[in-house]
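Throughout, protein chains are lettered first and strands after them, A, B, ... in sequence-line order, and every chain is numbered starting at 1.
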Number of protein chains: 2
Amino acid sequence: MATGHIPEATVARLPVYLRSLTELAAAGDATTSSDVLAERAGVNPAKVRKDLSYLGTHGTRGVGYDVRHLTFEVSRALGVANTWPVVVCGLGNLGRALAKHTGFTERGFPVVAAVDIDPAITGTTVDDVPVHSPDQIAELVAAHGVAIGVIATPGNAAQETADLLVAAGVRSILDFSSTVVTVPDHVEVRTVDLSTELQILGFHLHQDLPPEVGKTP
Amino acid sequence: MATGHIPEATVARLPVYLRSLTELAAAGDATTSSDVLAERAGVNPAKVRKDLSYLGTHGTRGVGYDVRHLTFEVSRALGVANTWPVVVCGLGNLGRALAKHTGFTERGFPVVAAVDIDPAITGTTVDDVPVHSPDQIAELVAAHGVAIGVIATPGNAAQETADLLVAAGVRSILDFSSTVVTVPDHVEVRTVDLSTELQILGFHLHQDLPPEVGKTP
DNA sequence: GTGCGCTTGTGAAAACGTTCACGAATTCCG
DNA sequence: CGGAATTCGTGAACGTTTTCACAAGCGCAC
Ligand SMILES: NC(=O)c1ccc[n+]([C@@H]2O[C@H](COP(=O)([O-])OP(=O)(O)OC[C@H]3O[C@@H](n4cnc5c(N)ncnc54)[C@H](O)[C@@H]3O)[C@@H](O)[C@H]2O)c1
Ligand SMILES: NC(=O)c1ccc[n+]([C@@H]2O[C@H](COP(=O)([O-])OP(=O)(O)OC[C@H]3O[C@@H](n4cnc5c(N)ncnc54)[C@H](O)[C@@H]3O)[C@@H](O)[C@H]2O)c1
């Protein structure tokens, strides 16, 4: 067993389990079960057990999981002991919200700097986050050891921003810009597209109910 | 064939294709191919063809796809002709960014109202979006025909907000609160958890490189 | 110590999603 | 007109993810 390869789908759920474990610990529970974790995470209990089994054998049959120990193991698998500094690119409505959010720092992702093309805001700070101009990305990344870049610029500036981040040595990008950015293989991009999320909800609303009059019956 | 059941994974990609098609049309292209669409969407060409085949047979062998016609078909499948009014709950950093975002309205998801518990901002407007108190959710939903609720409150208010939305008749929820909310079967919830996204990126950073010597250096 | 009830860990099956590979339809050109 | 070049549509192979189902291990009662 040991900690071999962990499936992507499992990795995406580990943070949810970790949050549940933290809550359970705060509530004073010393042990828990796959049923309880499943309930809190909104998934199937068998899935919880299989997911956790990829981290090794950390439960006790007939008893369940020790909350403290499992918290430690999930944390280790996720590597939450590390701190990964983040730079936010594009300080508009969304970038500002991200820069002000305190939850990221708590989880090991401090926003150490922001970048914007607007000369009216470069040189200022937003909640202690200094705002620089895009041509300083390389320096910022080097100075703070930034590994993750967040793109919150308009879509038409997304690719060039990604290029700057990649050239500066960033290895992970979180892209909010509703565009598909192209990067070298060694860089991972995750896209969060809020319009698409709404469109998916819209699709199901549209499907569920209306017989859609006027088409061919 | 016809428009039977469309797989979830395909539905999630249709908005991306639609965006590409819009850009191609704007660039003056009358026809396109699965290769071009795949390139723009960042996926495999075979996947594009399979996805589109769920909507019916709309391409021409040896030629490709007519941009206008395909745009129409994808739009129809997604139901983008519909307008689904949205109410944003919790007008903090994130809620404010969402309320101010103009892109949602353009795609058929106008933010018609916001809701916040803070009496200092209820009664005001944010970019023409009126801010009400949570006990008015039911009226707002009824008055505007709201089908989608966005939860941007702190985590500890998420479940009660979801309950209010559900009671008011909302059928879809987009939840940013990093909590798992429980709703009846007929309500769909999509969760967007930005911390989790960062943690997934962090996991891969952590995995890729470090042999993780001992413990603390 | 034996039995009973509980909960994990995990093979195996089922469901789902992706990719391949190729036949079919179309255009173009000589 | 015949053949080469395209490009779609799709069955089948492949890979991943979810779910099932049950043996194995543990604690407790007696
Ligand atoms: N605000 C939202 O709720 C929301 C929702 C969905 C998607 N988005 C997407 O997120 C992105 C940002 O949205 P927003 O509402 O914050 O937009 P915005 O227009 O408010 O802000 C964009 C910011 O990026 C800066 N910028 C422009 N070009 C730049 C460059 N080359 N380098 C660095 N900075 C640059 C601008 O000066 C501006 O401050 C957009 O792509 C938008 O489509 C936003
Ligand atoms: N800001 C971000 O970039 C960001 C990033 C990741 C996650 N989130 C999550 O999104 C949510 C909102 O984040 P934020 O930064 O906007 O927080 P915030 O504290 O700035 O805003 C929260 C708002 O919700 C309001 N509120 C509280 N209880 C309410 C209730 N019962 N009904 C209606 N409104 C209520 C508050 O008055 C406040 O205006 C949080 O759950 C946060 O964890 C935010």
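Electrostatic pairing of B/Arg40 and B/Glu23 counts as a salt bridge here, judged by a charged N lying under 4.0 Å from a carboxylate O. A/Lys100 has no carboxylate O lying under 4.0 Å from a charged side-chain N of A/Asp127, or vice versa, which leaves the two without a salt bridge. Salt bridge present: B/Arg19 and A/Asp193 bring a charged side-chain N and a carboxylate O closer than 4.0 Å.
Between A/Tyr65 and C/dC6 there is no side-chain polar atom (N or O) within less than 4.0 angstrom of OP1 or OP2. Under 4.0 angstrom from either OP1 or OP2 of C/dG17 there lies no side-chain N or O belonging to B/Lys47. OP1 and OP2 of D/dT17 both lie 4.0 Å or more from every side-chain N or O belonging to A/Asn44.
The aromatic ring centres of B/Phe72 and B/His69 sit 6.0 Å or more apart.
Taking atom NZ of A/Lys50 as the reference point, atom P of C/dA12 lies 11 Å away to the nearest angstrom. Rounded to whole angstrom, the span from the CD atom of A/Glu8 across to the P atom of C/dG17 amounts to 17 Å. Atom-to-atom, CZ of A/Arg61 to P of C/dT8 comes out at 10 Å; the value is rounded to the nearest Å. Counting to the nearest Å, the P atom of C/dG17 and the CD1 atom of B/Ile6 are 13 Å from each other. Rounded to an integer number of Å, the gap from B/His58 NE2 to D/dG9 C1' is 12 Å. Taking atom CG of residue A/Leu37 and atom P of nucleotide C/dT7, one finds them 13 Å apart after rounding to whole Å. Rounded to a whole Å, the NE2 atom of B/His5 is 13 Å from the C1' atom of C/dG17. Between the P atom of C/dG17 and the CZ atom of B/Arg13 lies a distance of 9 Å, rounded to the nearest Å.
Side-chain proximity of A/Ala9 to D/dT18, D/dG11, D/dT7: nearest is D/dT18. With C/dG9, D/dG11, C/dA24 as the choices, the nucleotide that has an atom nearest any side-chain atom of A/Thr57 turns out to be C/dG9.
A residue-by-residue look at A/Gly62 and A/Ala46 shows that A/Gly62 has its nearest nucleotide of DNA chain C further toward the 5' end. Residue order along DNA chain D, read from the 5' end via each residue's closest nucleotide, puts A/Thr10 first among A/Val63 and A/Thr10.
Summarising the geometry, atom OG1 belonging to A/Thr32 is positioned 10.5 Å from atom CG belonging to A/Asp66; distances are rounded to the nearest 0.5 Å. Once rounded to the nearest 0.5 Å, the distance linking CZ of A/Arg190 with CZ of A/Phe176 reads 11.0 Å.
As judged by a 4.0 angstrom heavy-atom cut-off over every strand, A/Pro7 is placed among residues touching the sugar-phosphate backbone only.
For A/Arg49 and C/dG9, a side-chain-to-base donor-acceptor distance below 3.5 Å is present, hydrogens and geometry of angles not being considered.
Between B/His206 and B/Phe203, the ring planes lie tilted relative to each other; the angle falls in the 30° to 60° range.
Contacts of residues 17-36 of chain A with DNA chain C (heavy atom under 4.0 Å): A/Ser33, A/Ser34.
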